[in-house]
Student: 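Got a structure here, written out as structure tokens. Questions coming.
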Amino acid sequence: GVAAVQAVSGGRMVAGLGAGDTASKGEMDAYGLAFPPFEERLETLRRTIAAIRQLEDDGLTPPPVWVGGRHRRVREVAAEQGDGWNAWGADPGALAAEASEVRRAATRHITMSWGGAVFVATDPAHLAAFIEKRGGSHGIIAGVPEEVASRLGALLEAGADELVLSLLPSSEPFPTWELFVERVWPRL
């Protein structure tokens, strides 16, 4: 599977892997997949990365492997075996501390990334309506373009080399992606 996607993508694939957490358990259950204990999931992560690396022995070019997860032991796997680490939802302080720890433990260059959900509002009223409808803004970066750009900029300053964004949809009055491209991206 990974070798085929790497070939079809012209070598542009990045394999994003993690050990899963309680937030992903519901998804696993919905698909009828097992959700073993953490130690078993961590070992499966290690074996999967090793199998991807094995592609090189078969004469194929393995994709870079980014490990996602903020648990200390998952960060250790990222430092030992990964080409990148993703800190989903970390605030700038946590990102700086955890990224520094991963970089110190890594034996080679490792890309640091921040991932998370982002909502860009056209104005404060649009933002307030979104937050009310959602039941709060916990776990996301939400704001008018200037605020979102400032918060994402703080993550870059804290040590993120890349941002992996999940733009939350909106159609009133502009889609989030359009606002992001036109009014956030130029500020980063």
Student: If we ignore hydrogens and angles and just use 3.5 Å, is the side chain of T176 paired with the main-chain N or O of L168 as donor and acceptor?
Tutor: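 Between the backbone of L168 and the side chain of T176 there is a qualifying donor-acceptor contact (under 3.5 Å).
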
Student: So how far is it from F180 CZ to L167 CG, rounded to the nearest 0.5 Å?
Tutor: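 Going from CZ on F180 over to CG on L167, the span is 6.0 Å.
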
Student: Identify the two heavy atoms, one from W88 and one from R70, that lie closest to each other, and give their separation to 0.1 Å.
Tutor: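 Smallest interatomic distance, heavy atoms only, reads O-CD, 3.5 Å.
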
Student: Indicate if L179 and V184 have the same hydrophobic cluster label, given that clusters are the connected sets of ILVMFWY residues with side-chain heavy-atom separations under 4.5 angstrom.
Tutor: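 As far as the 4.5 Å side-chain criterion goes, V184 and L179 are connected within one cluster.
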
Student: Distance from F119 atom CZ to I141 atom CD1, nearest 0.5 Å?
Tutor: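 Atom-to-atom, F119:CZ and I141:CD1 are 13.5 Å apart.
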
Student: Would V144 and T122 count as a side-chain contact (heavy atoms from CB on, under 4.5 Å) if you check the C-alpha gap in whole Å, the side-chain angles of each, and the deciding distance to 0.1 Å?
Tutor: CA-CA 6 Å; V144 296; T122 54; over 6 Å; no

Student: Is it true that R72 and E98 have a side-chain N and a carboxylate O under 4.0 angstrom from each other?
Tutor: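 Between E98 and R72 there is no salt bridge, as every charged N stays at least 4.0 Å from the carboxylate O atoms.
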
Student: Are L165 and V148 co-members of a hydrophobic cluster defined by side-chain heavy atoms under 4.5 Å apart?
Tutor: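 Same cluster.
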
Student: Decide side chain to side chain donor-acceptor pair (under 3.5 Å) for T111 and D161; before the verdict, give the C-alpha distance in whole Å, the side-chain angles of both, and the deciding distance to 0.1 Å.
Tutor: CA-CA 6 Å; T111 300; D161 302 310; 4.9 Å; no

Student: Thinking salt bridges, do R183 and E178 make one under a 4.0 Å N-O criterion?
Tutor: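 E178 and R183: not salt-bridged.
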
Student: Can you name the closest pair of heavy atoms from S24 and F35 and give their distance?
Tutor: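 What the structure gives for the nearest pair is OG-CE1, 3.9 Å.
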
Student: Out of the candidates I52, T48, L60, only one should pair with V2 under the side chain to side chain contact (heavy atoms under 4.5 Å, CB included) rule; please name it.
Tutor: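 Result for side chain to side chain contact (heavy atoms under 4.5 Å, CB included) with V2: I52.
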
Student: What distance do I49 atom CD1 and E80 atom CD have between them, rounded to the nearest 0.5 Å?
Tutor: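 Going from CD1 on I49 over to CD on E80, the span is 9.5 Å.
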
Student: Is it the case that over 12 heavy atoms from other parts of the model lie below 6.0 angstrom from the CD atom of E27?
Tutor: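 Open.
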
Student: May I ask you to decide if Q6's main-chain N or O and S9's side chain share a donor-acceptor pair within less than 3.5 Å?
Tutor: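 Pair found, side chain donor or acceptor close to backbone of Q6.
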
Student: With hydrophobic residues grouped by side-chain heavy-atom distances under 4.5 Å, do I110 and L45 end up in a single group?
Tutor: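 They do not share one cluster, since no chain of ILVMFWY contacts under 4.5 Å joins I110 to L45.
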
Student: Using the six-membered ring wherever Trp is involved, compare the ring planes of F38 and H71 and label them parallel, tilted or perpendicular (cut-offs 30° and 60°).
Tutor: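 Tilted: the ring planes of F38 and H71 meet at 30° to 60°.
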
Student: Grab the two heavy atoms, one from A90 and one from W114, that are nearest each other, plus how far apart they are.
Tutor: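 A90 and W114 have their closest heavy atoms at O-NE1, 2.7 Å.
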
Student: Mind checking whether M28 and Y31 sit in one hydrophobic cluster, side chains of I, L, V, M, F, W, Y counted as touching below 4.5 Å?
Tutor: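 Looking at the clustering, Y31 is in the same group as M28.
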
Student: Could you report the tightest heavy-atom contact between R151 and I140, atom names first, then the distance?
Tutor: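 Scanning both residues completely, I find the closest heavy atoms to be NH2-O, 3.7 Å.
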
Student: Could you tell me whether the side chain of T44 and the main chain of E40 form a donor-acceptor pair under 3.5 Å?
Tutor: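 Yes, the answer is positive, given that a donor and an acceptor are paired below the 3.5 Å cut-off.
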
Student: With a 3.5 Å distance limit and no angle check, can you tell me whether E162 reaches the backbone of S113 through a side-chain donor-acceptor pair?
Tutor: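 Checking the backbone N and O of S113 against the side chain of E162, no donor-acceptor pair under 3.5 Å is found.
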
Student: Would you confirm whether R75, through its side chain, and A87, through its main-chain N or O, come within 3.5 Å as a donor-acceptor pair?
Tutor: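 It does not hold such a pair.
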
Student: If you take all heavy atoms of N86 and G115, which pair is closest and at what distance?
Tutor: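 Nearest heavy atoms, N86 then G115: ND2-N, 3.4 Å.
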
Student: Run the salt-bridge test on D83 and R53 with the 4.0 Å N-O cut-off and return the result as yes or no.
Tutor: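 Salt bridge: yes.
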
Student: Under a 4.5 Å side-chain heavy-atom rule over Ile, Leu, Val, Met, Phe, Trp and Tyr, are V164 and V102 clustered together?
Tutor: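 V164 and V102: separate clusters.
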
Student: Working note: V65 + L17, criterion side-chain contact (heavy atoms from CB on, under 4.5 Å); need CA distance, chi angles, decisive distance, verdict.
Tutor: CA-CA 7 Å; V65 176; L17 305 173; 3.9 Å; yes

Student: Quick check: do V74 and L42 have side-chain heavy atoms less than 4.5 Å from each other?
Tutor: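 Yes - at least one pair of side-chain heavy atoms lies under 4.5 Å apart.
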
Student: Can you measure from CD (E132) to CG (L127) and round to the nearest 0.5 angstrom?
Tutor: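 Reported to 0.5 Å precision, the distance equals 11.5 Å.
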
Student: From S137 OG over to R134 CZ, what is the distance, rounded to the nearest 0.5 angstrom?
Tutor: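 Taking OG in S137 and CZ in R134, the distance rounds to 7.5 Å.
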
Student: Flag yes if more than 12 heavy atoms outside W177 fall under 6.0 Å of its CH2 atom; otherwise flag no.
Tutor: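 No, not enclosed.
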
Student: Does the pair E56 and T61 meet the rule for a side-chain contact (heavy atoms from CB on, under 4.5 Å), with working shown?
Tutor: CA-CA 6 Å; E56 198 162 31; T61 303; over 6 Å; no

Student: Distance from M112 atom CE to L155 atom CG, nearest 0.5 Å?
Tutor: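 Here the rounded value is 14.0 Å.
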
Student: Grab the two heavy atoms, one from A149 and one from L188, that are nearest each other, plus how far apart they are.
Tutor: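 Distance-wise, the nearest heavy atoms are O-CD2, 3.5 Å.
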
